[in-house]
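Read the structure below first, then the notes.
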Amino acid sequence: MKILSNKEEEIAKKFMDKAAKVAIKATCKRDKCGAVIVSVNEILGKGFNSPPGNLESQRRCDKKKNFFNKKVTDKTCCIHAEQRAIMDALRKNPSKLKGATLYFMRLGEKGCKTFAGKPYCTICSKMALDVGIREFVLWKKEGICVYDTEEYNNVSFNYR
């Protein structure tokens with residue numbers, strides 16, 4: 001993980017702000033998250049978290065995770081912002097994904113930006129690796145942090 005500073009940090013802040021604007025569209029009752037995928041200063045894909053197909057019938061926000069069988073590996077309630085951003089980029093700009101950067105932002109209850117925790121979603125990290133995304137950018141207490149996607153995947157798998 002690398003903490004950005006100076007010009008790199010300013011550029012990242014611009015895209016973190018764009019991810020925050022996308023997060024406003026999220027309908028998840030737990031968290032509002034947004035993601036943008038960028039290559040050469042161009043946004044390739046955007047995503048926010050909400051139930052699959054934005055269908056109320058698929059909402060699982062109020063379920064307790066221990067409600068699910070252990071074979072249900074993804075116990076989250078929504079399609080993740082990162083997943084939607086990857087699918088959006090695959091539809092619109094598939095040839096530009098290799099080497100791109102994914103910026104992720106979470107909003108608190110009142111719509112303010114909140115810090116991300118440790119990486120933990122192996123579904124998102126594996127998807128990002130598979131399509132060639134080079135790095136993940138998160139806003140953490142330490143600052144704006146960049147993870148190489150392979151490192152992000154390893155950290156996610158070791159989450160405790």
Side-chain angles (χ1 to χ4, degrees), residues 1-54 59-61 74 76-156 159:
M1 177 186 75
K2 171 182 156 185
I3 299 173
L4 297 181
S5 60
N6 302 321
K7 179 118 173 117
E8 286 181 315
E9 182 182 25
E10 289 306 312
I11 292 167
K13 282 181 181 178
K14 176 177 92 170
F15 291 114
M16 299 301 278
D17 288 343
K18 291 189 184 299
K21 286 180 181 165
V22 173
I24 292 168
K25 298 176 185 176
T27 64
C28 181
K29 292 181 180 177
R30 289 186 180 175
D31 287 311
K32 292 195 178 296
C33 301
V36 295
I37 298 173
V38 177
S39 182
V40 194
N41 237 6
E42 175 189 2
I43 295 178
L44 306 178
K46 300 175 188 178
F48 55 89
N49 61 326
S50 290
N54 293 317
R59 184 173 296 285
R60 309 273 192 274
C61 300
D74 179 22
T76 55
C77 52
C78 293
I79 299 292
H80 292 186
E82 303 94 305
Q83 292 168 310
R84 279 219 166 101
I86 290 169
M87 290 185 291
D88 188 44
L90 284 170
R91 278 190 295 275
K92 296 175 179 173
N93 297 290
S95 64
K96 296 180 180 180
L97 264 172
K98 190 161 184 69
T101 301
L102 189 149
Y103 295 85
F104 172 85
M105 181 56 69
R106 180 184 315 275
L107 302 180
E109 285 181 29
K110 296 181 181 177
C112 347
K113 296 176 192 169
T114 60
F115 296 122
K118 290 182 180 180
Y120 63 88
C121 183
T122 58
I123 293 171
C124 292
S125 61
K126 289 185 294 185
M127 281 182 75
L129 274 172
D130 201 48
V131 299
I133 291 173
R134 184 174 41 101
E135 57 194 12
F136 270 75
V137 181
L138 307 173
W139 184 45
K140 301 179 73 160
K141 288 181 183 174
E142 307 93 289
I144 295 179
C145 301
V146 178
Y147 290 85
D148 170 271
T149 302
E150 192 169 345
E151 174 192 15
Y152 191 97
N153 190 52
N154 290 337
V155 171
S156 296
Y159 181 83

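Here, residue 1 is the first one in the sequence, and each next residue gets the next number.
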If I take atom [atom1] from residue [X] and atom [atom2] from residue [Y], how far apart are they, to the nearest 0.5 angstrom?
X	Y	atom1	atom2	value
M16	K113	CE	NZ	8.0 Å
I3	C145	CD1	SG	4.5 Å
Y159	K118	OH	NZ	7.5 Å
I144	E8	CD1	CD	10.5 Å
M87	K92	CE	NZ	12.0 Å

Set out, in order, the CA-CA distance, both residues' side-chain angles and the distance that settles ring pair (Phe, Tyr, Trp, His ring centres under 6.0 Å) for Y152 and F136, then state yes or no. CA-CA 7 Å; Y152 191 97; F136 270 75; 3.8 Å; yes
Quick one: are [X] and [Y] in side-chain contact, heavy atoms under 4.5 Å?
X	Y	answer
F104	V137	no
C121	S156	no
C28	S50	no
L90	L97	yes
L107	T114	no
T101	I133	no
Q83	C124	yes
E151	N154	no

Give the minimum heavy-atom separation between [X] and [Y], together with the two atoms involved.
X	Y	value
A89	I37	CB-CD1, 4.3 Å
P51	I79	C-CG1, 4.4 Å
Y103	A12	CE2-CA, 3.8 Å
A85	A35	CB-O, 3.9 Å
I86	A128	CD1-N, 3.8 Å
G99	R134	O-NE, 3.2 Å

Determine, step by step, whether K25 and K46 satisfy the side-chain contact (heavy atoms from CB on, under 4.5 Å) criterion, reporting the C-alpha distance in whole Å, the side-chain angles of both residues, the deciding distance to 0.1 Å, and the verdict. CA-CA 11 Å; K25 298 176 185 176; K46 300 175 188 178; 5.6 Å; no
For R106 and D31, run salt bridge (charged side-chain N to carboxylate O under 4.0 Å, His left out): C-alpha distance rounded to whole Å, both residues' side-chain angles, the deciding distance at 0.1 Å, then the answer. CA-CA 7 Å; R106 180 184 315 275; D31 287 311; 3.1 Å; yes
Stepwise side-chain contact (heavy atoms from CB on, under 4.5 Å) test for I123 and H80: CA-CA 9 Å; I123 293 171; H80 292 186; 5.9 Å; no
Check the pair D130 / M127 against side-chain contact (heavy atoms from CB on, under 4.5 Å), numbers first and verdict last. CA-CA 5 Å; D130 201 48; M127 281 182 75; 5.6 Å; no
Any side-chain donor near an acceptor of the partner, T149 and E135, under 3.5 Å: no
Determine yes or no for a side-chain-to-main-chain donor-acceptor pair under 3.5 angstrom, with [X] supplying the side chain and [Y] the backbone.
X	Y	result
N49	A81	no
E42	S39	no
K32	A26	yes

Counting only heavy atoms from other residues, nucleotides and ligands, does the tally under 6.0 Å from [atom1] of [X] exceed 12?
X	atom1	answer
K140	NZ	yes
K18	NZ	no
E150	CD	no

Would D17 and K13 count as a salt bridge (charged side-chain N to carboxylate O under 4.0 Å, His left out) if you check the C-alpha gap in whole Å, the side-chain angles of each, and the deciding distance to 0.1 Å? CA-CA 6 Å; D17 288 343; K13 282 181 181 178; over 6 Å; no
Quick one: do N153 and K126 satisfy side-chain contact (heavy atoms from CB on, under 4.5 Å)? Show the steps, please. CA-CA 7 Å; N153 190 52; K126 289 185 294 185; 3.6 Å; yes
Given the ring of F48, does R84 sit roughly above its face, with NZ or CZ under 6.0 Å from the centre of the six-membered ring and within 45° of the axis? yes
